[in-house]
Protein chains: 2
Amino acid sequence: MVDLTGPNDLATVSRELMRNLNTRAITSVLFNRGKTSRAELARQTGLTQATVSNITAKLLESSLVEEVGEGQSTGGRKPTLIDINRNYGQVVGVKIEKNFVLTSLFDLRVNLIDRRETHFEEVPSSGEVIKLIENEVTNYESEYNVIGVGIGASGLISDSGEIIYSPILNWERSKLGKPLEEELSVPVLIDNDVNAFTLAEGWFGAGKNYRDFLCVTVGEGVGAGIVINGSLYRGSIGGAGEIGHTTLNPDGPMCRCGERGCLEALASDYFLVNEMNKRGFGDKRISTLVAEAKEGNKFARDIFNRMGHNLGLGIKNLVNTLNPEAVVLGGERLDAAEFFISSMEEEILNHSFPQEARRLEIVTAELGKKAWLLGAAILPVRNFFSLPLTGRKGKTRTARTGKEGLV
Amino acid sequence: MVDLTGPNDLATVSRELMRNLNTRAITSVLFNRGKTSRAELARQTGLTQATVSNITAKLLESSLVEEVGEGQSTGGRKPTLIDINRNYGQVVGVKIEKNFVLTSLFDLRVNLIDRRETHFEEVPSSGEVIKLIENEVTNYESEYNVIGVGIGASGLISDSGEIIYSPILNWERSKLGKPLEEELSVPVLIDNDVNAFTLAEGWFGAGKNYRDFLCVTVGEGVGAGIVINGSLYRGSIGGAGEIGHTTLNPDGPMCRCGERGCLEALASDYFLVNEMNKRGFGDKRISTLVAEAKEGNKFARDIFNRMGHNLGLGIKNLVNTLNPEAVVLGGERLDAAEFFISSMEEEILNHSFPQEARRLEIVTAELGKKAWLLGAAILPVRNFFSLPLTGRKGKTRTARTGKEGLV
DNA sequence: TAACTTTAGTTAATTAATTAAGTAAGTCGA
DNA sequence: TCGACTTACTTAATTAATTAACTAAAGTTA
């Protein structure tokens with residue numbers, strides 16, 4: 001329900017928008033449930049059977065959905081089952097990293113079709129990355145009907161797909177979306193990588209049953225994706241969830257950002273490496289620390305334990321501020337979760353309001369590494385299903401231009 | 001636009017809902033602008049003139065709006081002006097405090113009509129407060145058409161209007177909404193007092209131009225109201241914005257909650273009193289400290305300065321997490337704002353991401369004390385305007401039961 | 001096996017949006 | 001002062017939702 005919070009809320013609805021929203025509700029249910037009868041669609045969406053018949057007729061005509069046989073009778077006429085035509089079109093998902101770029105192809109149900117990796121000796125310029133993505137997409141287009149591209153990258157990313165600033169990539173004010181969109185003629189959607197990760201866990205993973213949850217990733221840095229009322233919240237300039245440099249302790253250790261006691265200085269790979277230095281570990285690779293902890297090394301265990309404590313303190317602050325239903329913990333360092341999750345949980349649950357904590361669920365991400373690419377691919381899929389039907393053409397696996405998804 | 005963030009989003013729209021939403025859009029514009037022509041309403045809402053004529057006809061019939069003369073011609077036919085009939089009904093706003101209860105009557109435009117105060121020797125029970133509100137509302141009903149009651153109180157308040165826990169009032173699991181609603185037969189809406197304050201500033205005060213803003217109140221405690229996409233965010237159990245006990249410094253001073261270094265222990269009246277103790281102030285009233293600061297007392301100024309620094313640190317964490325467009329600073333301690341706002345601002349702006357800070361506006365609340373009651377009164381007004389037209393009867397200033405607003 | 005019940009899906013009449021074309025009532029320039 | 005233009009508002013036809021009544025095709029029971 002739309003919430004008239006301020007008198008500035010002017011959501012008006014036209015016949016056309018009504019039709020689009022109802023069409024989307026139907027494709028949503030099909031997306032979630034797979035094969036479904038018209039009658040069941042009516043029950044699931046709350047629309048009338050007549051309306052469902054009407055809308056599905058149009059969808060069948062466009063070939064975005066298809067009839068896929070009959071279901072079992074439950075005491076009456078057999079239902080005709082309908083499903084999304086997953087081969088109607090494909091999307092490209094991209095993850096940009098410091099030293100490599102992952103490109104991949106997914107179908108409309110977000111199943112992986114193909115995956116490629118390109119390594120770079122040094123951090124590539126945005127121009128190089130644009131060129132690479134262009135080539136990969138054009139390549140896919142010779143065989144598939146690419147209806148959109150989704151890109152995940154670290155840093156602040158504006159609504160219009162401009163990378164405002166990315167400390168890891170060392171890019172500033174780099175336009176990625178517009179040039180790619182102009183060249184490729186399909187929608188190109190860019191978002192922060194942690195947001196993409198959160199989207200993937202929210203659609204298919206540990207977050208799928210929550211309307212309000214936080215997804216905290218721990219690895220080289222610490223980030224958070226914020227889901228409020230089932231929607232990813234991006235903030236006024238896409239900076240929501242940038243919790244890495246929130247202050248946990250003004251007297252704490254120096255962070256690479258120049259401040260003291262940032263969450264990232266207290267709970268990330270940066271923290272782990274610093275601690276390994278302090279404790280005189282010879283080998284400074286994280287994998288070694290994880291291995292040592294697994295073998296029972298007290299110092300290693302203690303480091304993770306303290307990281308969990310710090311992370312818990314940071315998450316506790318988030319929980320008290322946002323009061324989510326759940327916290328999903330993800331990121332590369334989940335490989336050592338067993339060594340820091342209990343001290344983390346203790347800190348969160350003991351030090352947040354008991355009433356809030358009682359309802360708070362703390363779970364680990366379910367999709368692993370692939371969530372990053374999956375989330376990037378979800379961006380154009382989501383975009384596609386929220387477009388009006390006009391402009392979608394019924395050509396399956398044949399189109400070359402990929403322009404069908406554009407309105 | 002509705003954002004299809006997850007495939008679970010099933011917002012369907014019926015003819016009826018379409019009509020309700022469009023009606024709301026029109027009453028919204030009237031609410032904001034006052035006297036407006038049908039043509040201007042069409043421009044403002046994006047609806048067609050035909051639709052606006054249609055809807056306003058129904059609204060005029062119900063007497064919720066009225067024709068109020070003609071406007072100036074701008075080169076064509078004179079517009080017939082329409083406005084909300086502010087005397088269609090009235091709402092009661094209530095603020096519950098430790099030692100007193102404020103009750104008030106507002107018209108539909110949320111203009112104050114009447115205000116009363118009832119003092120208690122000691123903290124009243126919820127039963128006593130229910131009785132009091134019941135009497136006041138019944139009293140108003142003899143003269144006015146009360147269409148709803150809004151209540152603001154501190155603590156965690158569930159969606160259903162139950163006070164889950166209120167440390168200041170020492171109430172736990174107290175039902176206020178349901179018994180009152182049954183007795184009075186008008187909608188009774190309860191929310192956290194900081195949320196009500198935020199609503200008031202968002203509708204009429206310093207927040208009215210922002211879609212994403214935080215409203216931080218400083219007084220006996222520290223609280224925050226979170227507005228995201230123009231909607232107040234309450235969290236999964238109404239606990240969003242409870243920032244008073246987020247940890248700023250694990251090695252900081254003890255807080256009354258038993259933890260160390262909470263924001264409340266570092267930036268509230270509690271902090272000020274503790275500091276006055278430390279510095280050996282004889283008189284421990286806050287008003288004295290403010291007076292001393294005004295007279296240039298170095299110690300007093302220093303205390304406020306440090307409070308501003310701490311508060312800034314806490315707000316900086318919020319800003320990095322939520323990336324709002326603006327922070328609205330309010331609460332009782334705004335009377336000493338001049339002594340802590342600069343150190344607060346410095347901390348926020350210097351230590352949040354430069355890009356975010358550049359777009360961040362820090363402003364002070366505009367409505368002062370009256371925002372608490374005003375916000376409480378907005379709750380039923382908002383509720384009333386989001387109801388469908390059915391059930392609203394055209395009797396103005398005559399009804400006795402107040403049931404007209406219910407569907 | 002015929003009659004009844006249940007479930008699936010379609011058709012007809014009403015409502016409320018749209019666009020498009022109309023009427024109403026003013027200003028303005030020659 | 002008369003016609004041309006503007007602006008405000010209404011009316012008519014189309015679209016897409018609703019409800020209600022229908023047909024279709026199964027299962028269930030007497």
Side-chain angles (χ1 to χ4, degrees), chain A residues 10-26 29-30 33 35-62 65-83 388-390, chain B residues 10-27 29-30 33 35-62 65 67-83 388-390:
Chain A
L10 293 181
T12 54
V13 181
S14 66
R15 260 181 346 207
E16 202 191 332
L17 180 58
M18 177 165 68
R19 174 40 80 99
N20 286 339
L21 289 171
N22 292 344
T23 302
R24 250 171 61 181
I26 287 174
V29 174
L30 288 175
R33 300 174 39 100
K35 294 178 184 177
T36 307
S37 69
R38 288 173 177 83
E40 185 60 28
L41 284 172
R43 280 189 293 270
Q44 293 283 327
T45 57
L47 295 166
T48 60
Q49 292 191 331
T51 303
V52 171
S53 282
N54 228 314
I55 291 175
T56 51
K58 279 262 157 51
L59 285 168
L60 285 166
E61 202 185 299
S62 79
V65 306
E66 47 191 8
E67 290 191 338
V68 289
E70 294 185 329
Q72 287 280 295
S73 162
T74 57
R77 177 176 166 178
K78 277 187 188 167
T80 311
L81 298 180
I82 288 170
D83 202 352
L389 208 61
T390 335
Chain B
L10 293 179
T12 54
V13 182
S14 66
R15 257 179 351 204
E16 202 191 331
L17 180 58
M18 177 165 67
R19 171 42 77 98
N20 286 339
L21 289 170
N22 292 345
T23 302
R24 253 171 58 180
I26 287 175
T27 50
V29 174
L30 288 175
R33 299 175 40 100
K35 295 177 185 179
T36 307
S37 70
R38 288 173 178 82
E40 185 60 28
L41 284 172
R43 280 190 292 270
Q44 293 284 329
T45 57
L47 295 167
T48 61
Q49 292 190 331
T51 303
V52 171
S53 284
N54 228 315
I55 290 175
T56 50
K58 278 262 158 48
L59 285 168
L60 286 166
E61 202 184 299
S62 80
V65 307
E67 291 192 337
V68 288
E70 296 185 326
Q72 287 279 297
S73 162
T74 57
R77 176 174 166 180
K78 276 186 187 167
T80 310
L81 299 179
I82 289 170
D83 201 354
L389 208 59
T390 334

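Chain letters run A, B, ... following the sequence lines, proteins first and then strands; every chain starts at 1. Bear in mind that the values here come from a model prediction, so they are computed numbers and not experimental data.
If you check every strand for non-hydrogen atoms under 4.0 Å, A:Ser37 touches sugar and phosphate atoms only. At the heavy-atom level, A:Asn54 lies nowhere under 4.0 Å from the strands shown. Using a 4.0 Å heavy-atom distance criterion, A:Ser73 is classed as a sugar-phosphate-only contact.
Counting only distance, with no hydrogens or angles, the side chain of A:Asp83 and the backbone of A:Glu66 share no donor-acceptor pair below 3.5 Å.
Taking side-chain N and O atoms only, A:Thr80 has a distance below 4.0 Å to OP1 or OP2 of C:dG9. Here B:Arg19 does not reach the OP1 or OP2 of C:dT15: none of its side-chain N or O atoms lies under 4.0 Å away. The phosphate of C:dG9 (OP1 or OP2) has no side-chain N or O of A:Ser53 nearer than 4.0 angstrom. Listed pair B:Asn22 / C:dA16 fails the phosphate criterion, with no side-chain N or O lying under 4.0 Å from OP1 or OP2.
On a pure distance criterion of 3.5 Å, a polar donor-acceptor pair joins the side chain of A:Arg15 and the base of C:dA17.
Salt bridge present: A:Glu40 and A:Arg43 bring a charged side-chain N and a carboxylate O closer than 4.0 Å. Using a cut-off of 4.0 Å between Lys/Arg side-chain N and Asp/Glu carboxylate O, A:Arg77 and A:Glu70 are scored as not salt-bridged.
The minimum heavy-atom distance between B:Val13 and A:Asn22, with the atom names listed, is N-OD1, 2.8 Å.
Minimum atom distance to the side chain of A:Ile55 is reached by D:dA17, of the listed D:dC9, C:dG26, D:dA17. Here D:dA8 is the nucleotide among C:dT10, D:dA16, D:dA8 with the atom lying nearest to any side-chain atom of B:Ala39. Considering only side-chain atoms of A:Ala50, the nucleotide from D:dT7, D:dT19, D:dG27 that sits closest is D:dT19. For B:Pro79, whose side chain is taken as the heavy atoms from C-beta onward, the closest listed nucleotide among C:dA8, D:dA17, D:dA8 is D:dA8. Picking from D:dA26, D:dA8, D:dT10 the nucleotide with the shortest atom distance to the side chain of B:Arg38 gives D:dT10. Of the candidates C:dT18, D:dT10, C:dA8, the closest approach to any side-chain atom of B:Thr51 belongs to C:dT18. Across D:dC9, C:dA8, C:dT18, the shortest atom-to-atom separation from the side chain of B:Gln49 is found for D:dC9. Of all nucleotides listed (D:dC9, C:dT14, C:dT7), C:dT7 comes nearest to the side chain of A:Thr74. Among the nucleotides C:dT18, C:dT7, D:dT7, the one closest to any side-chain atom of B:Arg77 is D:dT7. Distances from the side chain of A:Lys78 to the nucleotides D:dA26, C:dA17, D:dT19 place D:dA26 closest.
Mapped onto DNA chain D by nearest heavy atom, A:Gly75 and A:Val52 fall at different nucleotides, with A:Val52 at the one closer to the 5' end. Both B:Leu47 and A:Arg43 lie close to DNA chain C; mapped to their nearest nucleotides by heavy-atom distance, the more 5′-ward contact belongs to A:Arg43.
When rounded to the nearest whole Å, the span between CD of A:Glu70 and P of D:dA24 equals 16 Å. Whole-Å rounding puts the A:Leu41 CG to C:dT7 P distance at 17 Å. In this structure, CZ of B:Arg24 is placed 18 Å from C1' of C:dA17, rounded to the nearest angstrom. A straight line from CD of B:Gln72 to C1' of C:dT27 spans 12 Å, rounded to a whole angstrom. Atom CD of B:Glu16 is separated from atom P of C:dT14 by 18 Å (rounded to the nearest Å). Distance CD1 (B:Ile26) to C1' (D:dC9): 14 Å, rounded to an integer number of Å. Between B:Glu67 atom CD and D:dA8 atom C1' there is a gap of 12 Å when expressed in whole angstrom units. Here C:dT10 presents its C1' atom at 15 Å from CG of A:Leu60, a figure rounded to the nearest Å.
When the options B:Val68, B:Leu59, B:Leu30, B:Val52 are evaluated for a side-chain contact (heavy atoms from CB on, under 4.5 Å) with B:Ile82, the one that passes is B:Leu30.
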B:Arg38 and B:Glu67: CA distance, side-chain angles, deciding distance, salt bridge (Lys or Arg N to Asp or Glu O under 4.0 Å) verdict: CA-CA 10 Å; B:Arg38 288 173 178 82; B:Glu67 291 192 337; 3.0 Å; yes
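We find the CD-CG distance between A:Gln49 and A:Leu41 to be 10.5 Å, quoted to the nearest 0.5 Å.
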